[in-house]
Amino acid sequence: MTTVPVLRLEGIRKSFHGNVVLDGIDLDLAEHEVVALIGPSGSGKSTLLKTINLLEPIDDGRILLRDADISDPRVNVDRVRGRFGVVFQHLNLFPHLSVLDNVTLAARKVHGMPRAEAEERGMRLLERIGLGDKAREHPDRLSGGQQQRVAIVRAVATSPEVLLLDEITSALDPMLVGEVLELVRELAAEGATILMATHEMAFARDVAHRVLFLDGGVIVEQGPPEQLFGAPREARTREFLSRFAAG
Ligand code: ADP
Ligand code: MG
């Protein structure tokens with residue numbers, strides 16, 4: 001791991017109409033690090049991920065991507081977003097585009113990659129996830145699990161510096177969760193730098209290098225998964241995890 005973090009959050013604050021959602025979040029994400037964000041619904045996980053990708057402006061603090069302050073209002077938003085790969089909870093593909101066009105669009109439009117090169121790369125990614133034969137189909141011909149796997153390879157098609165994953169399996173039929181998590185596991189093993197909000201505790205325990213428990217707008221506790229899940233220090237963490245285990 002490098003000493004300079006890929007991503008650094010300093011004192012991030014964000015309110016919606018006086019409702020404080022992020023109350024001073026500090027976080028360093030090292031190259032190749034996989035960090036899981038856990039916490040109750042409404043604890044600000046999605047908002048935090050959106051502030052990083054400049055989808056939500058912050059009220060205070062700084063966001064550094066390598067050495068660039070991307071929270072500077074003068075920043076080129078499209079260029080910054082092009083450095084992240086993002087997958088959200090809900091099925092994200094453009095319904096009117098073919099699977100291959102979904103995968104290649106950002107490479108072509110944002111990164112200016114020639115179509116032939118983008119398609120060759122896109123086909124390799126689709127073949128890797130066993131969906132090469134679906135390249136010309138529209139997304140509605142795919143299962144939810146297949147669609148989320150396409151969304152993930154679309155997110156990595158531009159070789160992003162950081163992958164931001166927001167509850168990417170929570171809209172899926174439980175039968176389809178495994179194949180999606182398996183792809184994330186592979187990307188993590190290949191050295192992707194990942195910040196992921198998740199409700200999949202077993203997965204977080206298995207794949208994340210570090211787990212952050214977010215509640216009330218602050219990081220209540222963080223640590224390696226075996227410590228955070230196995231021996232949580234804070235009462236709020238214990239309470240959350242027990243509630244979770246109870247379903
Ligand atoms: P989580 O992803 O952890 O479930 P969110 O980040 O989605 O939490 O939401 C955190 C809080 O911020 C919630 O109270 C939610 O209602 C509120 N919130 C999120 N987005 C908005 C918005 N665009 N406008 C107003 N309130 C919002
Ligand atoms: Mg959320």
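Indexing begins at 1, ligand by ligand and atom by atom, following the structure's order. Along the sequence shown, residues carry numbers from 1.
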Using a plain distance cutoff, I'd like to know if His17 has any nitrogen or oxygen under 3.5 Å from a nitrogen or oxygen of ligand 1. no
Closer than 4.0 angstrom: is that true for some heavy atom of Asn19 and an atom of ligand 1? yes
Ligand 1 versus Pro40, non-hydrogen atoms closer than 4.0 Å: side chain, backbone, both, neither? backbone
Strictly below 4.0 Å, N to O, side chains only: are Arg128 and Glu190 in salt-bridge contact? yes
Short side-chain donor-acceptor distance under 3.5 Å, Thr237 and Glu221: yes
If we count only non-hydrogen protein atoms and require a distance under 4.0 Å, does atom 16 (O) of ligand 1 qualify as touching the protein? no
Which protein heavy atom lies closest to atom 6 (O) of ligand 1, and at what distance to 0.1 Å? Thr47 OG1, 2.6 Å
Contact with ligand 1 for Gly44, non-hydrogen, under 4.0 angstrom: yes
Ignoring hydrogens and angles, state whether a donor on the side chain of Asn102 or Arg154 is under 3.5 Å from an acceptor on the partner side chain. yes
Atom 10 (C) of ligand 1 [closest protein heavy-atom partner, distance rounded to 0.1 Å]: Gly42 O, 3.3 Å
Measure distances from the Mg ion (ligand 2) and count the protein N, O or S atoms below 2.8 Å. 1
Between Asp101 and Arg108, is there a side-chain N and carboxylate O pair less than 4.0 Å apart? yes
Closer than 4.0 Å to some heavy atom of Ser43 - which atoms of ligand 1 meet that? 1 (P), 3 (O), 8 (O)
Give me the one residue out of Leu131, Leu105, Leu126 that meets side chain to side chain contact (heavy atoms under 4.5 Å, CB included) with Leu100. Leu126
Only counting residues at least two apart or in another chain, list the ones meeting ring pair (Phe, Tyr, Trp, His ring centres under 6.0 Å) with His111. none
Is any side-chain N of the basic residue among Glu234 and Arg238 closer than 4.0 Å to the acidic one's carboxylate O? no
Taking atom types as modelled, find out whether Ser159 and Arg121 have a side-chain donor-acceptor pair closer than 3.5 angstrom. yes
Can any side-chain N or O of Arg149 pair as donor or acceptor with the backbone N or O of Ile129 at less than 3.5 Å? yes
Side chain to side chain contact (heavy atoms under 4.5 Å, CB included) between Lys134 and Arg141, worked out: CA-CA 8 Å; Lys134 305 283 193 210; Arg141 303 295 300 276; 5.8 Å; no
What closest approach, in Å, do Met196 and Val34 show between heavy atoms, and which atom pair accounts for it? CE-CG1, 4.1 Å
Proximal ligand 1 atoms for Val21, defined as those under 4.0 Å from one of its heavy atoms: 10 (C), 11 (C), 12 (O)
For atom 7 (O) of ligand 1, closest protein heavy-atom neighbour: Ser46 CB, 3.7 Å
Starting from atom 19 (C) of ligand 1, find the nearest protein heavy-atom neighbour and note its residue, name and distance. Phe16 CE1, 3.4 Å
